[in-house]
Structure formats: structure tokens, C-alpha cells
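On a predicted model such as this, the values are computed, not experimentally measured, just so you know. Protein chains get the first letters and strands the later ones, always in sequence-line order, with residue 1 at the start of each.
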Amino acid sequence: RKEVEQDPGPFNVPEGATVAFNCTYSNSASQSFFWYRQDCRKEPKLLMSVYSSGNEDGRFTAQLNRASQYISLLIRDSKLSDSATYLCVVGFQGAQKLVFGQGTRLTINP
Amino acid sequence: DTGVSQNPRHKITKRGQNVTFRCDPISEHNRLYWYRQTLGQGPEFLTYFQNEAQLEKSRLLSDRFSAERPKGSFSTLEIQRTEQGDSAMYLCASSLPGTGFSPLLFGQGTRLTVV
């Protein structure tokens, strides 16, 4: 089983729609969680950290479910500029590494 | 200091040659990571430095790969006897010190093509 798993998609949704991605992780001792965004042929960039109580940044909401070992990302009122690959990242403190998921490709259609 | 800098941006090499990449992290970041990314995949962890100490190394990193961070500032990643399977984007990232994980800031990467 992979340490971090995401549905690779692609997800194609119309502009203005709400879209949600999940990401599961295998190590119950995982301590840090992030969502990154990566545009085609660019480096990944931090979208948001994920906190235990859940957090929101504008149209983006991140949730953590430790019992089921998954994190989620919700995008409301999607924009054309949201088209990108979204990467889930999990930190394993004991292993001193941040592990990326495969990424979920999202395309927002006009 | 505007961000993480990687050089070269692109490298084409013949199979069997050695290549070396350089990463200059943000100056106040003491943590430095190397990742490898192939098309359609997420970045794959290679190795991690805290200051000059290499604290974690992926089992995927064969003995042809070596990384250094001699003075705890810039880092180099060397691949010896390159193979076509080494073709990928090599990403360097750095982060602030702390008890947990701070978000990574990535460089623009070095794209390696082995022909």
C-alpha cells in the first residue's frame, strides 16, 4: 500500500461548481498535512496547511480525519484558474520526510 | 534572496555520464530536501538534510546517487553512470527549522534527459 494515495482523476468540472478531493495516508503517526498545487511543467506551490480542526482560506477548505486517516480539499465556486494538479502531502515525523501523493488533476471548463 | 534556486534548469546527458545538480535554498532555511518527479506522478522523496547532516535517505536512492550539503548552505545531487530511467525533474525544496514540519518551498527544478 502506498504511504499517501490520491485519486489521479482527471476531474473535469464546469466553472462555478464545487469539487472535492480526498487523500488517504497509511501511517497513523503522521503529524503534518498540506495541500500543494502544481501547474503544468512548474514546481509545486503550497496551497494550504491542514489543521486538526479544519481550516478555510477563501474558496478553499481543508479537513483532516485522523480516525479514518484521510484529508480532504474542497474548492467552492471554482474558477478557470483553479485548473491544476493538486498534491496531498503528509509528514512522518519519525521518518523525517514529507511524502507526496500522486496528485489529482483538475480541469475547470468554461 | 528571492527563493530556492536550482542549476542547471535543463540537462541533457548521454547514458553512462555523471551529472551534478546544485540547489541554493533560502538562507534562513536549515532543512533541505531533494525530490524526483516523473510525468503524471507526484514528487518522490530522495533525501533530507538538516543543516549539513543527511538525516534521511530513500531506499529508492541507489548507490549511483549521492547528495551533499557541506556547509549547511547549498546542496549538490550527483548521479553517476546515468541511465535512461534517471530522466526526470529533480526538485529541491527548503523549509524553516521547527519541531514539526514547515511547508516546503520548491525551486524550479532541474530537468534531466538521459539519451
Side-chain angles (χ1 to χ4, degrees), chain A residues 2-11 21 23-27 29-52 55 57 62 64 71 73 84-107, chain B residues 2-7 9-10 21 23 25-26 29-51 53-61 67 88-111 113:
Chain A
K2 290 183 179 179
E3 292 176 290
V4 179
E5 291 198 73
Q6 293 182 252
D7 181 345
F11 285 65
F21 311 133
C23 165
T24 58
Y25 58 93
S26 61
N27 190 332
S30 301
Q31 295 179 303
S32 300
F33 308 89
F34 306 94
W35 282 103
Y36 275 71
R37 170 196 170 123
Q38 187 171 27
D39 294 298
C40 189
R41 302 185 77 82
K42 299 283 189 180
E43 74 276 19
K45 293 185 178 178
L46 178 68
L47 179 66
M48 58 197 302
S49 302
V50 185
Y51 303 119
S52 296
N55 48 299
D57 183 1
L64 167 63
I71 64 173
L73 177 68
T85 294
Y86 290 84
L87 296 158
C88 164
V89 188
V90 178
F92 301 96
Q93 190 71 30
Q96 292 289 327
K97 63 180 182 180
L98 283 159
V99 180
F100 282 73
Q102 178 182 1
T104 296
R105 187 171 173 186
L106 173 67
T107 300
Chain B
T2 57
V4 178
S5 175
Q6 291 188 246
N7 289 287
R9 294 286 308 280
H10 303 274
F21 309 141
C23 172
I26 293 173
H29 287 187
N30 74 333
R31 296 175 174 179
L32 188 145
Y33 299 77
W34 284 99
Y35 286 84
R36 176 172 64 189
Q37 188 175 26
T38 54
L39 195 63
Q41 301 298 315
E44 175 186 44
F45 172 80
L46 294 179
T47 191
Y48 160 66
F49 289 87
Q50 184 166 305
N51 298 310
Q54 188 175 21
L55 298 184
E56 190 74 31
K57 187 175 174 180
S58 171
R59 279 169 284 177
L60 298 171
L61 212 62
M89 175 73 86
Y90 289 83
L91 292 161
C92 175
S94 67
S95 69
L96 288 165
T99 53
F101 286 99
S102 300
L104 302 181
L105 189 67
F106 281 89
Q108 292 181 299
T110 295
R111 183 169 297 279
T113 303

For this session: Sort B/S102 into side chain, backbone, both or neither according to what part of it lies under 4.5 angstrom from a heavy atom of chain A.
Result: backbone
For this session: Would you give the length of the straight line joining atom NZ of A/K97 to atom OH of B/Y35, rounded to the nearest 0.5 angstrom?
Result: 9.0 Å
Exercise. With a 4.5 angstrom heavy-atom cut-off, which part of A/Q31 approaches chain B: side chain, backbone, both or neither?
Worked result: neither
Problem set entry | CG-CZ distance between B/L104 and A/F100, expressed to the nearest 0.5 angstrom | 5.5 Å
For this session: Please report the closest heavy-atom contact between B/F101 and A/L98, naming both atoms and the distance.
Result: CD2-CG, 3.6 Å
Exercise. Which pair of heavy atoms, one from A/Y36 and one from B/P103, lies closest together, and at what distance?
Worked result: OH-C, 3.6 Å
For this session: Examine whether an atom of B/Q37 lies under 4.5 Å from a heavy atom of chain A, and if so say whether it belongs to the side chain, the backbone or both; otherwise answer neither.
Result: side chain
Exercise. What part of B/L39 lies closer than 4.5 angstrom to a heavy atom of chain A: side chain, backbone, both or neither?
Worked result: neither
Problem set entry | Residue B/F106 versus chain A: region with a heavy atom under 4.5 Å | both
Problem set entry | Per-residue contact mode, B/R31 against chain A (heavy atom under 4.5 angstrom) | neither
Exercise. Checking heavy atoms, do the side chain of A/Q6, its backbone, both or neither come under 4.5 Å from chain B?
Worked result: neither
For this session: Assess whether atom NZ of B/K57 is packed by more than 12 heavy atoms of other residues, nucleotides or ligands within 6.0 Å.
Result: yes
Exercise. With a cut-off of 6.0 Å (strictly less than), are more than 12 heavy atoms of other residues, nucleotides or ligands near CZ of A/R37?
Worked result: yes
Exercise. Between CZ of A/R41 and CZ of B/R111, what distance do you get to the nearest 0.5 Å?
Worked result: 4.0 Å
